[in-house]
Amino acid sequence: QVQLVESGGGLVQSGGSLRLSCAASGRIYSISDMSWYRQASGKQRELVAAITNGGTINYADSVKGRFTISRDNAKNTVYLQMNSLKPEDTAVYYCMAVGRTGVLTPRNNYWGQGTQVTVSS
């Protein structure tokens, strides 16, 4: 199995910054796409940003220009730099990775446990 461990969440004032990290470990053969999702209280989980192992990036419109996703393939780690945070960014942030545990195994989606980000006004 593949485990994802997130870190870097916390409480920050509006306009502040946080950097989230997510490291994948375990029985990893390959990891392709890595993404950050978030889920605010009472709302559906939504995609925040995604990056392929080739470096192609997509952002939700709501975070463009403020958030930056990056990854270190050698460390199987994805980052989310969040600047100019707003109260509406408050949510639990989840890391997701698409990976294989062996050459003949199918790709699966693996999720982290989530990290809380709270932005005060």
Side-chain angles (χ1 to χ4, degrees):
Q1 284 292 346
V2 176
Q3 295 83 40
L4 300 179
V5 178
E6 300 122 335
S7 60
L11 174 65
V12 64
Q13 289 188 334
S14 182
S17 298
L18 284 173
R19 188 186 193 220
L20 305 183
S21 299
C22 172
S25 62
R27 190 175 177 180
I28 298 172
Y29 172 75
S30 65
I31 291 180
S32 56
D33 299 352
M34 300 189 82
S35 309
W36 288 97
Y37 286 75
R38 67 186 181 188
Q39 187 167 18
S41 181
K43 295 187 177 181
Q44 289 188 331
R45 191 173 297 189
E46 62 175 358
L47 176 66
V48 175
I51 183 169
T52 68
N53 56 2
T56 300
I57 292 173
N58 285 303
Y59 294 103
D61 288 343
S62 59
V63 306
K64 282 181 181 177
R66 300 188 298 122
F67 291 10
T68 302
I69 189 171
S70 60
R71 65 189 286 174
D72 184 334
N73 290 333
K75 296 181 179 180
N76 290 321
T77 299
V78 63
Y79 306 95
L80 186 67
Q81 178 66 43
M82 305 185 293
N83 298 329
S84 302
L85 282 161
K86 305 174 181 180
E88 51 263 45
D89 294 317
T90 295
V92 178
Y93 283 70
Y94 297 91
C95 170
M96 195 274 281
V98 180
R100 297 177 188 264
T101 56
V103 63
L104 297 178
T105 60
R107 289 185 298 177
N108 283 317
N109 293 346
Y110 298 95
W111 290 88
Q113 80 286 355
T115 185
Q116 177 71 47
V117 171
T118 303
V119 184
S120 63
S121 56

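Keep in mind it's a predicted model, so treat the numbers as computed, not measured.
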- Query: Hey, does N53 have a side-chain heavy atom less than 4.5 Å from the side chain of R71?
  - Reply: yes

- Message: Under 4.0 Å between a side-chain nitrogen and a carboxylate oxygen: does that hold for D89 and K86?
- Response: no

- Query: Got a second to check how far M96's CE is from S35's OG, nearest 0.5 Å?
  - Reply: 4.5 Å

- pair F67-L85: side-chain heavy atoms closer than 4.5 Å: yes

- Message: Starting from V119, can I reach Y59 by hopping between I/L/V/M/F/W/Y residues whose side chains sit under 4.5 Å apart?
- Response: yes

- Task: Could you check whether the rings of Y94 and W111 sit parallel, tilted or perpendicular, using 30° and 60° as the cut-offs?
- Result: perpendicular

- Is it the case that one hydrophobic cluster holds both Y37 and V2, taking links as side-chain heavy atoms less than 4.5 Å apart, direct or via other members? no

- For the hydrophobic clusters of this structure (ILVMFWY residues joined by side-chain heavy atoms under 4.5 Å, transitively), does one cluster hold both V78 and Y29? no

- Would you check if the side chain of R100 reaches a backbone N or O of S30 as a donor-acceptor pair within less than 3.5 Å? no

- Item | Heavy-atom closest contact (K43 atom, Q39 atom, distance) | O-NE2, 3.1 Å

- Nearest heavy-atom contact between G8 and L18 is O-CD2, 3.8 Å

- Working for side chain to side chain contact (heavy atoms under 4.5 Å, CB included), residues R66 and M82: CA-CA 6 Å; R66 300 188 298 122; M82 305 185 293; over 6 Å; no

- Test item: T105 side-chain N/O and T101 main-chain N/O as donor-acceptor pair under 3.5 Å: yes

- Apply the test side-chain hydrogen bond (donor to acceptor under 3.5 Å, both in side chains) to residues S17 and N83: give CA-CA distance (whole Å), side-chain angles for both, the deciding distance (0.1 Å), then the verdict. CA-CA 4 Å; S17 298; N83 298 329; 2.9 Å; yes

- If you measure from CD1 on I31 to CG on N73, what distance do you get to the nearest 0.5 Å? 9.0 Å

- Find out whether L80 and Y93 are in side-chain contact, i.e. whether some heavy atom of one side chain is under 4.5 Å from a heavy atom of the other. yes

- Message: In the structure I gave you, are the side-chain heavy atoms of N58 and L47 within less than 4.5 Å of one another anywhere?
- Response: no

- Hydrophobic cluster membership, V48 vs Y110, 4.5 Å side-chain cutoff: yes

- Take V117 and L20 through the test side chain to side chain contact (heavy atoms under 4.5 Å, CB included) and record every step on the way to the result. CA-CA 9 Å; V117 171; L20 305 183; 4.1 Å; yes

- About how many Å separate CD of E88 and CZ of R38, when rounded to the nearest 0.5 Å? 8.5 Å

- Message: Determine whether a donor-acceptor pair (N or O, by modelled atom type, separation under 3.5 Å) exists between the side chain of E6 and the backbone of C95.
- Response: yes

- Query: Closest approach of C22 and L4, non-hydrogen atoms and distance?
  - Reply: SG-CB, 3.9 Å

- Message: Assess the residue pair Y79 and T68 against the criterion (side chain to side chain contact (heavy atoms under 4.5 Å, CB included)); give the C-alpha distance rounded to whole Å, side-chain angles, the decisive distance to 0.1 Å, and a yes or no.
- Response: CA-CA 8 Å; Y79 306 95; T68 302; over 6 Å; no

- Below 4.5 Å, heavy atoms only, C-beta onward: do Q116 and T90 meet side chain to side chain? yes

